[in-house]
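This one's a predicted model, so the numbers in the text were calculated from it and none came from an experiment. As the structure lists them, so they are numbered: ligands from 1, and atoms in each ligand from 1.
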Amino acid sequence: MTRPTAAAERLSRRAGLVLPGGVSSPVRAFRAVGGTPPALISGQGAHVLDEDGNDYIDFVLAYGPHLLGHNPPQVVEAVRRQLERGLAFGATTGVEVELAERLTAAMPSLEMVRFVSSGTEATMSALRLARAATGRDLIVKFAGAYHGHADALLAEAGSGVATLGIPDSPGVPASATAATVVLPYNDAAAVSSLFARRGGEIAAVIVEPVAGNMGCVPPRPGFLEQLRRETSEHGSLLVFDEVMTGFRVSSGGAQSLFGVRPDLTTLGKVIGGGLPVGAYGGRRDLMQMVAPAGPVYQAGTLSGSPAAMAAGIAVLDSLDDEVYERIDDLGARLASALDAAFEAAGWQGTVNRVGGMLTPFIGVDEVSDFASAKHADTAAFAAVHAAWLESGVLWPPSQFEAAFLSTAHSDSDIDHTAGVFAATLTDLSARRAG
Ligand code: KE4
């Protein structure tokens, strides 16, 4: 029995007339997996409901923010209270300073912070600051990493760019990416060689300390430490893009998990509890260069949105060791069940995981960078995604996205999801053999 999709199809048709691709962000269009995206109307805990009445266990979690699941009561109440006071003032508010104080307390490298309204704004601003602080232009990023859609960073980007197979976006002038060097993730030799040749030109290295936009790819042991060493030795800055990993992989982010202190950090997602937010911050001497304290200009009408600040405070105040232990346990349970499913179905595959973010790569036995991720069997992934959807599981619609766990997921959610995964791979083997 297939799930009803009449309302989703109606909405998709209407949306396609007024929104490019029928979406407000490309990956949501399901182009890589096919089918009609559900027309979601509500979320509670680990579940979301669509207009056709279908209920799904949600592993998208709005691409990361919902560490506590959808609509945690304490977050909804905090936002409701703030909304009654007002939506936006264009002025510094107490909640904005309170959230900044919590961020700087949680991440020692973050001595000061500036709020913006998206991860893209955060990374774009952090790189402008790095170029100003060093007087250099060259930026280093890694293939398959996605740091938002600022021109200079749309070079071999991951996430939706990888999902749609867009070589690099039209409209980005060659001049915008001429000062962007792209290296393979986890490639220590490539990093050493570049710094040996051009270290004096490099303003900053920006890295996802756990890659999440080529699917989940952890750093090889020593990789982050090497970036720290090389940037320090050559007067460059190290920027950790923790928009996805911040407060997800640990209460101090990936920098605390791996014990590497960046000069600048970008944040988003979890710190806004699902409301529009981004932030960049780091060494005080650098942040004091940001206008109006210094000459580096960056601004935003709704930066520090009080409702987003209130949501972020409510989320961060709910984070304790138990939260991270629960999420890590659930992640480990799901990863091992998916691994067992590969085994049981006689498929090659590997599951990359750090804490509550993970990706099963189908048809490959190791994924440590974008090149190896691209060898995954995306057709098989599409078949699994469709089977999950039919069985009430909403998974990110791309092999090149990370899936997320929350404290609201249950062991039975995990077992059901892995069961469908195993059955679909088994069925696929039979169909391909037939
Ligand atoms: P936003 O501009 O989308 O708020 O953040 C950009 C960004 C920056 N850095 C990292 C590490 C990110 O993961 C992101 C955005 N993540 C994607 C998910 N892979 C957002 C989902 C989407 O594009 O719709």
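Partner of Phe142 under the side-chain contact (heavy atoms from CB on, under 4.5 Å) criterion, chosen from Val207, Val182, Ile206: Val207. With Pro306 as reference, Val95 is the one residue of Val95, Val79, Leu275 to meet the side-chain contact (heavy atoms from CB on, under 4.5 Å) rule.
Annotation: atom 7 (C) of ligand 1 to nearest protein heavy atom, Gly148 N, 3.8 Å. Asn213 ND2, 3.7 Å is the protein heavy atom nearest to atom 12 (C) of ligand 1. Nearest protein heavy-atom contact of atom 5 (O) of ligand 1 is Gly119 CA, 3.3 Å. The nearest heavy-atom contact from the protein to atom 22 (C) of ligand 1 is Ser25 OG, 3.3 Å.
Residue contacts with ligand 1, taken as heavy atom pairs separated by less than 4.0 Å, involve Thr120 via backbone and side-chain atoms alike. When non-hydrogen atoms are compared, ligand 1 lies under 4.0 Å from neither the backbone nor the side chain of His149.
The shortest N or O to N or O distance between Arg28 and ligand 1 is not under 3.5 Å.
Enclosure of atom CZ in Phe89 by more than 12 non-hydrogen atoms of other residues, nucleotides or ligands within 6.0 angstrom is indicated. No more than 12 heavy-atom neighbours from other residues, nucleotides or ligands sit within 6.0 angstrom of CZ on Arg14. The number of heavy atoms from other shown groups lying within 6.0 Å of CG (Asp320) is above 12.
Counting only heavy atoms, the protein never gets under 4.0 Å from atom 3 (O) of ligand 1.
The nearest pair of heavy atoms linking Asp50 to Pro38 is OD2-CB, 3.7 Å.
Within the 4.0 Å heavy-atom cutoff, Lys269 counts among the residues contacting ligand 1.
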